[in-house]
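Start at 1 with the first residue, then count along the sequence.
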Amino acid sequence: MQDRPDIVAATRGGDDSMGMDGEADPATASLEQALFWRNIYIEILAMEEAVLDRIQHLMEQLQSPQARREVALTNVPVVVAQAARFRARLGFWESRVETHR
């Protein structure tokens, strides 16, 4: 059951201690690495926020309250958790960039 891609993604999406594959360690990263990963997370966070805005816009167009509720209970929490994870990871990298300055 835990090998299902949706379960893995949901678990990973909500765990801000998990970096991306190949991500440097914020505690030991160089300024160049910190800038690279900060920019990656800025880009991904902007995308997640755009996805959430789009979901909310589409929810407003749904005719049935049942459909809106299902999206609110399933899709929205996943995207919100992912955005929170990326925001936290961005914070790690912004902090690392500042320690180099």
Undergrad: With a 4.5 Å cut-off on side-chain heavy-atom distances among I, L, V, M, F, W and Y, is there a chain of contacts connecting Trp93 to Leu35?
TA: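 They do not share one cluster, since no chain of ILVMFWY contacts under 4.5 Å joins Trp93 to Leu35.
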
Undergrad: By salt bridge (charged side-chain N to carboxylate O under 4.0 Å, His left out), which residues pair with Arg54, not counting sequence neighbours?
TA: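 Arg54 satisfies salt bridge (charged side-chain N to carboxylate O under 4.0 Å, His left out) with no residue once adjacent residues are dropped.
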
Undergrad: Atom CG in Leu90, atom CG in Asp16: separation rounded to 0.5 Å?
TA: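 That separation rounds to 12.0 Å.
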
Undergrad: Are Val51 and Ile44 connected, step by step, through hydrophobic side chains (Ile, Leu, Val, Met, Phe, Trp, Tyr) whose heavy atoms are closer than 4.5 Å?
TA: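 No, Val51 and Ile44 fall in different hydrophobic clusters.
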
Undergrad: Can you see which heavy atom on Ala83 is nearest to which on Leu45, and at what distance?
TA: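 Looks like O-CD1, 3.5 Å.
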
Undergrad: How close do Ala34 and Ala29 get, counting heavy atoms only, and between which atoms?
TA: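 Nearest pair, atom of Ala34 first, then Ala29: N-CB, 4.4 Å.
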
Undergrad: Give the minimum heavy-atom separation between His57 and Gln61, together with the two atoms involved.
TA: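 Looking at all heavy atoms of both residues, the closest pair is NE2-NE2, 2.9 Å.
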
Undergrad: Is there a chain of hydrophobic side chains (I, L, V, M, F, W, Y, each step under 4.5 Å between heavy atoms) that links Val78 to Val80?
TA: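 No, because Val78 and Val80 fall into different hydrophobic clusters, even though each may have its own neighbours under 4.5 Å.
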
Undergrad: What verdict does the side chain to side chain contact (heavy atoms under 4.5 Å, CB included) test give for Met20 and Trp37, after you've listed the backbone C-alpha separation in whole Å, the side-chain angles of each residue and the deciding distance to 0.1 Å?
TA: CA-CA 10 Å; Met20 286 189 266; Trp37 286 105; 3.5 Å; yes

Undergrad: About how many Å separate CD of Glu98 and CG of Leu31, when rounded to the nearest 0.5 Å?
TA: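 Interatomic distance, Leu31 CG to Glu98 CD, rounded to 0.5 Å: 10.0 Å.
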
Undergrad: Any sub-3.5 Å donor-acceptor pair from Arg85's side-chain atoms to Met18's backbone N or O?
TA: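 Such a contact is found between Arg85 side chain and Met18 backbone.
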
Undergrad: Testing the basics here: between Thr28 and Arg96, what is the closest heavy-atom pair and its distance to 0.1 Å?
TA: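 Here Thr28 and Arg96 meet closest at C-NH2, 3.7 Å.
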
Undergrad: Under the side-chain hydrogen bond (donor to acceptor under 3.5 Å, both in side chains) rule, collect the residues that match up with Glu49, sequence neighbours excluded.
TA: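 Glu49 satisfies side-chain hydrogen bond (donor to acceptor under 3.5 Å, both in side chains) with Arg87 once adjacent residues are dropped.
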
Undergrad: Atom CZ in Arg69, atom OG1 in Thr74: separation rounded to 0.5 Å?
TA: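 Between Arg69 CZ and Thr74 OG1, I get 10.5 Å after rounding to 0.5 Å.
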
Undergrad: For Glu23, give me all partners under salt bridge (charged side-chain N to carboxylate O under 4.0 Å, His left out), at least two apart in sequence or on another chain.
TA: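 Partners of Glu23 under the salt bridge (charged side-chain N to carboxylate O under 4.0 Å, His left out) test: Arg89.
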
Undergrad: Give me the atom names and distance for the closest heavy-atom approach of Val76 to Met59.
TA: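 Between these two residues, the closest heavy atoms are CG2-SD, 3.7 Å.
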
Undergrad: Hydrophobic cluster membership, with links at side-chain heavy-atom distances under 4.5 Å among I/L/V/M/F/W/Y: are Ile40 and Phe92 in one?
TA: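 Hydrophobic grouping puts Ile40 apart from Phe92.
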
Undergrad: Is there a path from Leu62 to Ile55 through hydrophobic residues (I, L, V, M, F, W, Y) whose side chains come within less than 4.5 Å of each other?
TA: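 Leu62 clusters together with Ile55.
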
